[in-house]
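What follows is a short report on a single structure.
As the structure is a prediction and not an experimental result, all values here were calculated from the model. Just the heavy atoms: all of them, side chains too, but no hydrogens, waters or symmetry mates, feed the values below. Reminder, nothing fancy here: chain letters follow the sequence lines and each chain counts from 1.
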Amino acid sequence: MTNACLTFRDLTLGYGSHPAIHHLDGIVEKGSLTAVVGANGSGKSTLMKGIVGVLKPMEGAVVRAPGVRTAYLPQQSELDRSFPARVVDLVSLGLWPKRGMLGRYTREDRESVGKALMAVGLGGFETRPIDTLSGGQLQRTLFARVLLQDADLILLDEPFNAVDAKTVGDLIQLIKRWHGEERTIMVVVHDLDLVRQNFPETLLLARQPVAWGDTKETLRPENLLKARRFHEAWEENAPWCEPSEHDHGHDHGHDHDHHDHARTHDHGSGPRAA
Amino acid sequence: MDFLYGLFIAPFADFAFMQRALFGSLMLSLGACPVGVFLMLRRMSLSGDAMAHAILPGAAAGFLLYGLEILPMTIGGLIAGIIVALGAGAVSRFTIQREDASMAAFYLISLAVGVLMVSIRGSSVDLMHVLFGTVLALNNEALTLIGGIVVVTLASLAIFWRALVAECLDPLFLRSVSRMGSPVHFIFLGLVVLNLVGGFQALGTLLSVGLMMLPAAAARFWTVRVEPMCVLAVLIGFASCIAGLLLSYHASLPSGPAIILSAGVVYFFSIVFGSRGALRARIVHHRHRTA
């Protein structure tokens, strides 16, 4: 347990009185690489927002290990592309955790911006205005910003949207490099083949966690079927979630998760140590 | 030579009120134009306009209680402006209503109250004075006030520059790395109100937003970066003030509208001839590069 980067304690997140993540328990280990999968509306993005703290929990809590710096690449960026900024200006925002609002950018900072751009294959794009970038180039620019943030916990929400196959490969390499640097990474992905090939662990969501642990185990047909039966629409008159009922569910879920997770841990640490 | 001197220099050299007007309006440009650039980039140009109207009831309250005195009217305007800015900002932050709608609602109410208050006591001449200002009658108090506002504005911009740019460029990112998002938004609204209040003695409540928006809007057509845009906006503001004052002096026109109209001329010129203006975009490029 001391190895937890993130701990979910009976976490319920949602909008209005309707939960999008319902009583989630469990831990994300330091240095783990987790894919978050599930149907539309299954709460993947909501979970990301909850972890970053943009969305406050309706119940329960997300506990980040002390001193963990977080980088977040949202699915729907609120980026204003018409803003008169160059690629360097956008990427340099990633220096915020290091330099804050007032710290001057040093020459090393500028060099690290250049290196981050090189790493995502955008060397020489420094002075391009951001409104001239293609969708995929913009996505890679945002990856460069994440790179620069030098965070311990990296949350990527559907980072492969509108990105060509070659770039997906490049970005996966980047994610694996972070994984090698013992950073904790959670990625929302839709492409299950991609998940099977590249992600050791998977969280399958359908408002509640359907399965969580080793990717091969989690993505078994019965689990996928269970997740597919998930009812996307919330109902206006859905019954209130009663404390007694949820305690029961929670205990049950918790045991289940814990069990799953312990197994994952054994499984996961084996190859890593080898 | 004498002709040129008479045209450009003499009005300022010979008359103290012209010097004051020039000094005051140049200072105003220094603070208001960069604020205008951010107002435009945040797509809040009309909010600025709305806020300028919102100042009216505060100024009118000062006018009702103390007559045509600058200090009470300014303080009243400041309070009214801040109430409307915070109210509209809060409505848009905490409800689903966007800022444009809440701002419009607040300023319309505010404007109605203001016009009612002025008409209870004053004549229509007073109303004109409040609405359109008198840059030629800036006294020491007014100049000191404007000076203070400029210092506060430039200092705040320097301190919060990076947060302000981040909040405009990618607000969600700013929220994920820092808690500065909301404070910076409200500080910025505060700067807008402050500069509008500074401008209203000189240009009136309705036109003070002109010196903020027009140079900024014109500068947008010439550059693709924020820093040069701010500098350019200030320079355009300076030029408009000088041209407007000279125009008003030689043609005996009201000075406030003359200044704003000069800025308007620069704006139209920029639309057509700017390096990112209409003409450049329309010219068919027969040649293109290989990559």
Side-chain angles (χ1 to χ4, degrees), chain A residues 15-16 45 48-56 69-105 124 127-132 138 141-142 145-146 148-151 153-157, chain B residues 34 37-45 93-96 98 155-185 187 216-217 219-233 274-276 281 289 291:
Chain A
Y15 311 92
S45 297
M48 294 286 170
K49 284 184 205 162
I51 297 171
V52 187
V54 179
L55 191 67
K56 296 272 166 275
R69 285 169 303 170
T70 314
Y72 170 49
L73 180 57
Q75 177 189 13
Q76 272 169 350
S77 173
E78 286 176 15
L79 185 79
D80 178 2
R81 289 190 66 173
S82 67
F83 190 86
R86 299 163 304 167
V87 168
V88 267
D89 301 323
L90 180 55
V91 176
S92 299
L93 287 182
L95 292 166
W96 189 291
K98 196 170 163 198
R99 297 282 170 234
M101 191 171 72
L102 292 170
R104 289 185 72 88
Y105 294 153
T127 55
R128 282 271 292 268
I130 55 172
D131 57 2
T132 64
L138 182 66
T141 307
L142 295 176
R145 188 174 70 184
V146 172
L148 211 57
Q149 276 180 266
D150 190 26
L153 172 63
I154 299 171
L155 306 166
L156 307 172
D157 196 348
Chain B
V37 167
F38 279 99
L39 207 56
M40 170 187 66
L41 292 177
R42 308 204 64 182
R43 298 170 200 199
M44 286 172 58
S45 304
R93 285 248 152 184
F94 303 123
T95 73
I96 55 160
R98 293 294 184 113
S156 309
L157 283 179
I159 293 171
F160 295 104
W161 180 270
R162 198 176 288 167
L164 201 53
V165 168
E167 170 71 8
C168 297
L169 179 56
D170 196 347
L172 191 55
F173 172 80
L174 185 62
R175 269 196 288 165
S176 78
V177 293
S178 122
R179 290 172 196 278
M180 284 305 295
S182 285
V184 147
H185 181 69
I187 288 167
R220 185 78 172 94
F221 290 109
W222 296 96
T223 164
V224 290
R225 291 184 56 199
V226 190
E227 295 89 348
M229 205 177 286
C230 288
V231 173
L232 190 60
S275 56
R276 290 167 68 82
R289 301 176 198 275

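- At least one side-chain heavy atom of A:L55 sits less than 4.5 Å from a side-chain heavy atom of A:Y15.
- Counting heavy-atom pairs under 4.5 Å between each of B:L41, B:L169, B:T223 and chain A puts B:L169 at the top.
- Only the side chain of B:R276 comes within contact range of chain A, with at least one heavy atom under 4.5 Å from a heavy atom of that chain.
- The only member of A:T132, A:D131, A:I130 that meets side-chain contact (heavy atoms from CB on, under 4.5 Å) when paired with A:R128 is A:T132.
- The contact between B:L174 and chain A is made entirely by side chain atoms (from C-beta outward), counting heavy-atom distances below 4.5 Å.
- By the 4.5 Å heavy-atom criterion applied to side chains, A:M48 and A:Q75 are not counted as neighbours.
- Residue A:L155: no heavy atom, backbone or side chain, is found under 4.5 Å from chain B.
- Of the two parts of A:S82, the backbone and the side chain both hold a non-hydrogen atom closer than 4.5 Å to a non-hydrogen atom of chain B.
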>> Pair B:R42, B:H185 - check side chain to side chain contact (heavy atoms under 4.5 Å, CB included), show working.
In response: CA-CA 10 Å; B:R42 308 204 64 182; B:H185 181 69; 3.1 Å; yes

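- Only the side chain of B:R175 comes within less than 4.5 Å of a heavy atom in chain A; its backbone stays farther off.
- Looking at A:R86, its side chain never comes within 3.5 Å of a backbone N or O of B:R225 through a donor-acceptor pair.
- Residues B:V177 and A:Q149 are in side-chain contact: their nearest non-hydrogen atoms beyond the backbone lie under 4.5 Å apart.
- In this structure, the portion of A:R145 lying under 4.5 Å from any heavy atom of chain B is its side chain and not its backbone.
- Heavy-atom pairs under 4.5 Å with chain B were tallied for A:L93, A:D89, A:V52, A:V54; the largest tally goes to A:L93.
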